[in-house]
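Just so it is clear: chains get the letters A, B, ... in the order the sequence lines come, proteins before strands, and each one is counted from 1.
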Protein chains: 6
Amino acid sequence: MPTYHVEMMEGRTLEQKKKLVAELTRVSVEVLAVKPESVDVIITDIKRENWATGGKLWSEPRD
Amino acid sequence: MPTYHVEMMEGRTLEQKKKLVAELTRVSVEVLAVKPESVDVIITDIKRENWATGGKLWSEPRD
Amino acid sequence: MPTYHVEMMEGRTLEQKKKLVAELTRVSVEVLAVKPESVDVIITDIKRENWATGGKLWSEPRD
Amino acid sequence: MPTYHVEMMEGRTLEQKKKLVAELTRVSVEVLAVKPESVDVIITDIKRENWATGGKLWSEPRD
Amino acid sequence: MPTYHVEMMEGRTLEQKKKLVAELTRVSVEVLAVKPESVDVIITDIKRENWATGGKLWSEPRD
Amino acid sequence: MPTYHVEMMEGRTLEQKKKLVAELTRVSVEVLAVKPESVDVIITDIKRENWATGGKLWSEPRD
């Protein structure tokens with residue numbers, strides 16, 4: 001603990017994921033005073049056809 | 001906000017997803033008095049081998 | 001299935017929750033062709049101090 | 001209800017999943033006094049590049 | 001890993017929770033061949049007014 | 001998007017939460033090249049009697 005779940009649109013590179021989890025963990029250690037090895041991060045890559053905002057899937061054209 | 005997570009068996013068509021998120025958003029606007037653009041819906045398609053009810057995966061034959 | 005998780009700011013009335021789950025279920029039956037009793041909805045009331053957008057908690061004053 | 005979400009590293013066999021959901025359901029019936037058919041289990045297979053502990057993805061080499 | 005999220009109706013005793021997490025962990029060790037200390041279980045107690053099945057909250061009378 | 005869910009043991013101060021969501025958002029903007037207002041963070045405070053590691057609730061004494 002803490003445990004992070006990050007949902008983001010698919011397409012991020014491995015480099016971005018590596019940097020993101022490193023930074024999230026560093027921030028958690030600083031702010032929450034926890035040990036790094038207690039921080040878990042689980043990323044979920046969401047397809048554009050599976051995320052909607054305002055009633056419209058992100059796979060659809062937007063105005 | 002609100003944010004919806006919908007877990008359903010894989011296999012739904014894009015048309016069904018489009019209609020579902022549109023309807024969920026419309027209902028939220030009506031009942032919760034929120035703006036449509038504040039409604040997020042994330043769909044998770046679950047494989048039959050990853051969902052069990054009554055101790056049996058849905059990929060297995062049922063009586 | 002399907003199973004819905006709805007996260008929304010705390011403060012909604014019981015009447016709103018009753019109407020919301022009835023409507024979500026009705027919509028699911030129509031769009032996904034499932035039986036009503038297979039639809040589960042779990043609501044999570046989020047405190048304003050536990051939801052942030054744009055890096056700021058909703059318990060904080062906004063411009 | 002109860003509803004279980006199990007997140008685990010991808011790679012488990014169908015046999016392991018079948019046994020796991022059967023056992024989780026049996027344990028729930030015993031401890032919580034619920035009917036087996038009320039127990040749902042949803043498994044999420046996580047890719048090693050999507051799970052980090054201690055700030056490092058599990059797809060990366062560990063000391 | 002694995003990480004369990006268990007959603008159940010509020011009202012379970014501490015004894016039931018203690019037994020449940022012990023059993024879930026034992027089962028995971030047996031079936032998934034993981035170390036006990038790698039198993040996390042997070043329980044969410046759901047209020048009856050926040051869970052609906054078949055379009056009706058569990059806080060409402062059922063036929 | 002991205003949307004973060006952070007589960008942590010209850011007891012963190014409002015100051016810690018404010019700092020955490022600000023930092024998570026800053027990091028996301030840097031690494032993922034998103035706009036700050038697209039970043040949502042939902043915090044869940046978990047009671048010690050609802051989190052177990054190694055088969056034992058954190059409300060129980062540890063060796």
>> For residues 9-17 of chain A, give me every residue with a non-hydrogen atom less than 4.5 Å from any non-hydrogen atom of chain B.
In response: none
> Taking only residues two or more places apart in sequence, or in another chain, which ones meet B:S28 in a side chain to side chain donor-acceptor pair (under 3.5 Å)?
Replying inline: B:Y4
> Which pair of non-hydrogen atoms, one from A:G55 and one from B:T25, has the smallest distance, and what is that distance?
Replying inline: CA-OG1, 3.2 Å
> Taking all atoms of both residues into account, what is the closest heavy-atom pair of A:L20 and A:M8, and its distance?
Replying inline: CD2-SD, 4.3 Å
>> Is it true that, when you exclude B:K19 itself, more than 12 heavy atoms of the residues, nucleotides or ligands shown sit nearer than 6.0 Å to its NZ?
In response: no
> Which residues in residues 37-52 of chain B have a heavy atom less than 4.5 Å from any heavy atom of chain A?
Replying inline: B:E37, B:V39, B:D40, B:V41, B:I42, B:I43, B:D45
>> Show me the pairs that pass salt bridge (Lys or Arg N to Asp or Glu O under 4.0 Å) and involve residues 25-34 of chain B, at least two apart or across chains.
In response: B:E23-B:R26, B:R26-B:E30
